[in-house]
Amino acid sequence: MVKKIFKKLAAIIQKKPKTIITVVLAITAIMALGLSKLQLKMGNDVFVSSSSKVYKDTSTYQKHFGGDSAYILISGKQADILSHQTFKKINKLESKLNDVDNVRSTTSLLSLINQELSKPTTGNSIMTNSNQDSKQGQKLMTDLMDSLSAKDKVTLQESIQQTLTTPQKTALNNYTINLLTPQQKAKVAAGQDTKLILTGTQLQQTQAYMMANLNAQQQKMMAKQLMKKIPPVQSMSTVLLRDLVLNANGNVKSNFKTLLPSNGKSILIMVNTSDKTDMSTMVQLKSDIDHQIKSSHISQSLRVRVAGNPAVMGDVKNQVMQTMMEMLALAVVIMIVVLLIVFPVRRKLLALAFVMLALVWTFGLMGLLRLPITLATMATLPIIIGLGTDFGVQFHNRYEEEFKKNLSSKEAITTAIMKMGPAVGIAVIVMAFSFLTMYLSKAPMMQQFGLTLVIGILSAYIVEFLLMFSTLGLLDRHPKLKKQKKLAQPSKISLLLAQYANFVMKHAMILTIIGVVSAIAGFSLENKIPIETNMMKMIPQDMQSLKDTKYLQKKIGSTTYITFLVKDNDVTNKHSMNAVDKLAQDEDNKYKDILDTTTLKSTYVQINGSISNATQAQVTQNVDNLPNAIKSSVIGTNKHYTTVQFKVNGKLSSDDQKRLMDKIDHDLNSQHHSFEISPAGAQVMMLLGIINVSANHWLIIFAGLAIIFIVLLIVYRKFGTAILPVLPIAVVLGLSPLTLYLIGESYNPLTIALSSLVLGIGTEFTILILERYKEELDCGKSVKSSIVSSLGSVGQAITVSGLTVIGGFAAIIFANFPVLSSFGLITVLDTMYSLVSALTILPAIIVIGAKFSKKLKHK
């Protein structure tokens, strides 16, 4: 059945080569339309299924509390930062940022204080915090008074005087009389009002005396009065600003240190983003932030940095596209060199030229099917180039082999199609099934990686098969070419492989033992290799936004938070607030790597003081009056949701963070409470990605081997024949983790997928050798002669295609994405292992099996 199909294909290709080429080009043009629909996806959701609970909880979390925050850090001298001019520019910048799409709000020292000042009940906290330092508090009060207009001063003073007790009034009157000159005293004696005859200096002295002698209740009342008169931060004088945020020693007050890091030499603006986390949104957001910073004309003496995950992801897109183009160009160059040097045929570069059309088919289909480009799928570019060229090399090599036997072009095409079409086709089918085992992974990115590879190899097989034989038929259709042919002579590679085949057969047992022992060692080390899913470690480390993010973390400490979503009927209920806060505090006390916790109650206490003596109505009102910048981060608008934020040691590895999160989650849910609490948020998604990326790893390996065996058993219908290609692959699967362990590499979302890639690539090599071995046996040759012939003939093509594939993969090593560079290195090594194993372990096993079979027959 299969032979008939390929025989008909050979007839069609010989009869209508131009039509076939035209059809392939037309399909390519249609597929190219899908390229414009390609989407880039780099968020943590590529690690977690959209149907999972944590994904849904994170969606709810981001709906109520937004996505990751971007950070703007403005740095310089303290005098330049804490100035009226700088705060005026920051106010302008924040105003512009709040009009940007997908910005929920901004938080800075300026906006925070202004929001507090707008609400008297919270605004008093500023005065309270300032008055804890009596000297600085008195200076602040004095400077506040100085900032008022003359009319406002009189009004305030009169208001305060009305509250003075009789002893205070007497003391103030005596103090005032002592300040008077004899002439002023005479005027007072004559009945003139004391206030009207005081000089400016005397008036200031009496005001200072009065304020210094006010009791706590009167100071609180005066603070309220002042709050009504105080201007917004951007309109304050530099002196007043410094009084507000610095203590008597000139250091930033403790409650402002986060927003004024480096003791006031920097000011932080947090840009709270919407729940949209797709790549296009991040790109536009980063561009808008940069534009608004530029248009705000921040002083050139100040350094502005934009940091945080949205900023980094916004810059990654250009890096991705640039990297893909660089990988494509480098892969092509390397493969051209390899083909020109080691491929002993005419028209050496045909396979590489045709694979470019296969790439259009692959990525065009990705666009049409809405398959996104991720860190994984972008790595398929050089892989598909390598594998597609490999298919073409196999077809081309067999055609040239037959053509040099003094056959006609038509005869050469028919033989090559009949022999290599099914052989490579079987390899492609097995390869596709092995790639589809990635659907056993729980990480969407791995599933997309597998599907993209399947689309790629099927496209490459079809394009290479149709174009290679159609083009060769056209180029060699003239009879005169036949006369120019010479009797085929074995190439140097073919002769070397024949000698190598004899070496393998002579040392078959020892070579097999070495391979098996190495594989077992590798499998035993599998669980000792760490897994890295921190996206920040996978992207180019020289990106400015990433450098700025690291700088920010260095200045303000850890920005790593493991967040939990709390759902209740009313999270502002005192009982609920206390219960949630107690849970958080217990965890803080239990684990040293938790640096701090933030809950609704802790936020409330920071602004309003103790919750214990407040009524529920007062608590509700005070929560409603929290500054929006603070409130939006701890309570949802419907009061059904709140958050618990655990600030953790930023130096913890992803593995350690994941273990800590699991412990916290277990502790929080091991107790009975009226509310629901579960991990959610971007960091949680990233940490759970560790499980999803590595989940079912062994299942994928065993499923891949089982699928390969089953497909081959269906094809060959013999157990012994079907198991032969599987054994060399198993050796390579063990060598891969052994290599990772020896060179100190971690698994990442790409390297952990190498098992499926090895299954696919290794299977092709072994199947092609096995097919040629069977062909030689069918011609009546002995086992040893068949091995020598198969390695000397198809082994040449496999070696060339293997080196070509390695050349394509080598391009990944030079990618500026660490995750790709690591993947490229290991893939190159694994492909070399697959090639060597196919040329060594497979013939060795065949020889051992033949000897064993003969012994059995003698018994």
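Just so it is clear, the structure is predicted and the values come from calculations on it, not from any experiment.
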Are the side chain of S790 and the backbone of I787 linked by a donor-acceptor contact shorter than 3.5 Å?
yes
The criterion is side chain to side chain donor-acceptor pair (under 3.5 Å); which residues satisfy it with K506, sequence neighbours excluded?
none
Checking Q541 side chain against I539 main chain: does a donor-acceptor pair fall under 3.5 Å?
yes
Would a 4.5 Å heavy-atom cut-off, applied to side chains only, mark M661 and L688 as touching?
yes
According to side chain to side chain donor-acceptor pair (under 3.5 Å), who are the partners of S736, at least two apart in sequence or on a separate chain?
D830
Okay, side chain of H396, backbone of R346: is any donor-acceptor separation there less than 3.5 Å?
yes
Considering residues at least two apart in sequence or located in another chain, which fulfil the side-chain contact (heavy atoms from CB on, under 4.5 Å) criterion with K784?
M505, S782
With sequence neighbours left out, the residues meeting side-chain contact (heavy atoms from CB on, under 4.5 Å) with I336 are V332, L340, L349, L352
Residue pairs passing the side chain to side chain donor-acceptor pair (under 3.5 Å) test where at least one lies in residues 508-522, sequence neighbours excluded:
none
All pairs passing side chain to side chain donor-acceptor pair (under 3.5 Å) where residues 435-460 contributes a residue, at least two apart
T437-S756
Check whether any side-chain N or O of T389 sits under 3.5 Å from a backbone N or O of I385 as a donor-acceptor pair, and report yes or no.
yes
Compare every heavy atom of I769 with every heavy atom of A838, then report the nearest pair and how far apart it is.
O-CD1, 3.4 Å
Where at least one partner belongs to residues 831-846, residue pairs that pass side chain to side chain donor-acceptor pair (under 3.5 Å), sequence neighbours excluded:
Y500-T840, T739-Y833
Among residues at least two apart in sequence or on other chains, which ones pass salt bridge (Lys or Arg N to Asp or Glu O under 4.0 Å) with K663?
none
Sequence neighbours left out, what passes ring-ring contact (aromatic ring centres under 6.0 Å, His included) with Y773? Give chain and number order.
none
Test of ring centre spacing under 6.0 Å for F465 and F395
yes
Anything under 3.5 Å between a donor and an acceptor, one on a side chain of residues 816-823, the other on a protein residue two or more places apart or in another chain? List them.
| unit_1 | atom_1 | unit_2 | atom_2 | d |
| --- | --- | --- | --- | --- |
| N816 | OD1 | T323 | OG1 | 2.8 |
| N816 | ND2 | Q319 | OE1 | 2.9 |
| S821 | OG | I813 | O | 2.7 |
| S822 | OG | E745 | OE1 | 2.9 |

Applying side chain to side chain donor-acceptor pair (under 3.5 Å) as the test, list every pair that has at least one member in residues 702-717; sequence neighbours left out.
Y716-E771
Is K419 salt-bridged to E776, cutoff N-O under 4.0 Å?
no
For residues I334 and A811, report the shortest heavy-atom separation together with the two atoms involved.
CD1-N, 4.2 Å
Which residues pass the side chain to side chain donor-acceptor pair (under 3.5 Å) test with E464, not counting sequence neighbours?
none
Using modelled atom types and a 3.5 Å cut-off, is there a donor and acceptor pairing between side-chain atoms of K348 and backbone atoms of F343?
yes
Within the distance-only criterion (no hydrogens, no angle test), does the side chain of Q657 pair as donor or acceptor with the backbone N or O of L652 below 3.5 angstrom?
yes
Would you check if the side chain of T804 reaches a backbone N or O of D390 as a donor-acceptor pair within less than 3.5 Å?
no
Assess, by modelled atom type and distance only, whether the side chains of T414 and K7 contain a donor and an acceptor separated by less than 3.5 Å.
no
CA sep, side-chain torsions, deciding dist, call: R659, D662, salt bridge (Lys or Arg N to Asp or Glu O under 4.0 Å):
CA-CA 5 Å; R659 280 191 283 270; D662 288 342; over 6 Å; no
Counting N and O atoms only, with roles assigned by atom type, does the side chain of S785 sit under 3.5 Å from a partner on the main chain of K781, one being a donor and the other an acceptor?
no
Taking atom CE of M832 as the centre, report whether more than 12 heavy atoms of other residues, nucleotides or ligands fall under 6.0 Å from it.
no
